[in-house]
Amino acid sequence: MSMNDSEARALSTAARAVERCLGAAFYETIRDGAAGDASPEAFADPIGNAAMIKRIARRLGAVRTGICTVDPSRLLSRSGDSLRSVPSELNRAIVMLVEMDADEVGYSPAAAASAETSLGYMRMALCASGLARFIAELGFRALPAGNGLALSVPLAADAGLGRVGRHGMLIAPDLGPCVRICKVFTDMPLQCDDPAQPRREPFCATCDRCARACEGDAIAELGVEGGEDKGIDASRCTDFWKRNNGSCANCIAACPFTGSADR
Ligand code: SF4
Ligand code: SF4
């Protein structure tokens with residue numbers, strides 16, 4: 001049963017408050033390895049390290065984790081009001097997916113779906129900050145981020161976690177777009193995963209359900225030149241979020257790769 005709007009808005013506010021606490025404490029900070037008994041020399045094996053990092057990320061709540069080298073073209077020169085950047089020595093990105101409840105997302109654009117989005121952000125903050133601190137405890141540098149610092153969707157495709165859909169989101173195997181993405185940049189030696197091949201989801205060439213479900217008219221429909229390669233019109237999307245007085249996940253809910261969508 002869906003939550004009523006008051007419950008949903010209260011849950012959303014609670015989740016955002018937790019996210020803000022974690023984000024303020026961790027997102028801006030490079031964790032310089034220092035504490036604990038561990039030393040970086042004991043963690044020189046990139047294959048073993050990658051397996052360990054994925055185990056720990058899962059325990060922190062990530063449903064899927066991939067690793068890639070940091071392609072400078074993915075980096076943002078500005079993150080909101082901040083001028084943070086990723087130092088070049090942090091040449092590995094650990095990209096984590098946290099899951100959203102497909103049934104709750106299915107209520108979009110109602111407040112219940114916004115609450116699920118907010119819970120997703122809270123889980124992102126926990127995973128990214130927890131993993132960065134873990135890596136620092138082992139003696140390496142680590143910089144956690146939610147949406148900031150780098151483009152999360154291309155980075156996730158670089159890390160082999162899925163393909164990019166017409167709606168501009170990651171489509172992860174078995175999970176579809178019903179995920180949120182966070183990441184940690186580090187200098188820990190880590191074996192990388194193979195990037196997604198192809199990068200774009202081929203099914204999008206014959207589908208435009210997300211475009212038809214978008215109340216912000218932000219996604220190109222079938223037959224539009226450039227089609228699924230155009231990405232979304234971010235300003236139209238955020239305009240709709242404002243009009244909706246909350247977030248929107250219509251495109252996620254409508255996508256046949258989402259568990260709750262009618263196929
Ligand atoms: S989040 Fe909503 S407004 Fe934005 S692109 Fe998706 S369906 Fe359109
Ligand atoms: S709804 Fe269809 S076109 Fe849109 S991302 Fe999903 S599969 Fe691709």
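Whatever order the structure lists ligands and atoms in, that order sets their numbers, starting from 1. In this text, all values refer to a predicted model and were calculated from it rather than measured experimentally.
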task = May I ask you to list the atoms of ligand 1 that are less than 4.0 angstrom from any heavy atom of Asn250?
result = 7 (S)
inquiry  = Heavy atom to atom 5 (S) of ligand 2, shortest distance: which of Arg200, Glu221, His167 holds it?
reply    = His167
key: Polar side chain donor-acceptor pair, Ser235 to Asp233, under 3.5 angstrom   = yes
key: Ser108-Asn250 side chain donor-acceptor pair, cut-off 3.5 Å   = yes
inquiry  = Using a distance threshold of 2.8 Å, state whether an N, O or S atom of Cys237 lies below it from atom 4 (Fe) of ligand 1.
reply    = yes
inquiry  = With a cutoff of 4.0 Å, is Glu201 in contact with ligand 2, counting heavy atoms of the residue only?
reply    = no
query = Would Met52 and Ile94 show up in the same hydrophobic cluster when neighbours are defined by side-chain heavy atoms closer than 4.5 Å?
reply = yes
ask   = Does any donor atom in the side chain of Arg92 or Thr186 lie under 3.5 Å from an acceptor atom in the other side chain?
value = no
request  = Please state whether the separation between atom 8 (Fe) of ligand 2 and some N/O/S atom of Cys255 is under 2.8 Å?
outcome  = no
remark   = Among non-hydrogen protein atoms, atom 1 (S) of ligand 1 lies closest to Cys248 O, 3.4 Å
remark   = Between the CG atom in Asn49 and the CG atom in Leu138, the distance rounded to the nearest 0.5 Å is 8.0 Å
task = Using a strict 4.0 Å threshold on nitrogen-to-oxygen distance, state whether Asp187 and Arg141 make a salt bridge.
result = no
inquiry  = Are more than 12 heavy atoms, taken from residues, nucleotides or ligands other than Arg59, located less than 6.0 Å from that residue's CZ atom?
reply    = no
query = Just which atoms of ligand 2 are under 4.0 Å from any heavy atom in Phe203?
reply = 7 (S)
ask   = Between Asp193 and Lys54, is the closest basic N to carboxylate O distance under 4.0 Å?
value = yes
message = If the threshold is 4.0 Å, N to carboxylate O, is there a salt bridge linking Arg180 and Glu116?
response = no
query = Numbering the atoms of ligand 1 from 1, which are under 4.0 Å from a heavy atom of Trp241?
reply = 1 (S), 4 (Fe)
Atom 6 (Fe) of ligand 1 to nearest N/O/S of Cys251 below 2.8 Å = yes
task = Do me a favour and list the nearest non-hydrogen protein atom to atom 4 (Fe) of ligand 2 with residue, atom name and distance?
result = Cys210 SG, 2.3 Å
note = Numbered in order shown, the ligand 2 atoms found under 4.0 Å of a heavy atom of Cys207 are 1 (S), 2 (Fe), 3 (S), 7 (S)
query = Counting from 1, what ligand 1 atoms have a heavy atom of Cys214 closer than 4.0 Å?
reply = 3 (S), 5 (S), 7 (S), 8 (Fe)
key: Distance filter under 4.0 Å to Phe257 heavy atoms, resulting ligand 2 atoms   = 7 (S)
ask   = Can you tell me how far CG of Asp208 sits from SG of Cys214, rounded to the nearest 0.5 angstrom?
value = 11.5 Å
query = Atoms of ligand 2 less than 4.0 Å from Cys204 heavy atoms?
reply = 3 (S), 5 (S), 7 (S), 8 (Fe)
Proximal atoms of ligand 2 relative to Arg209 (non-hydrogen, under 4.0 Å) = 1 (S)
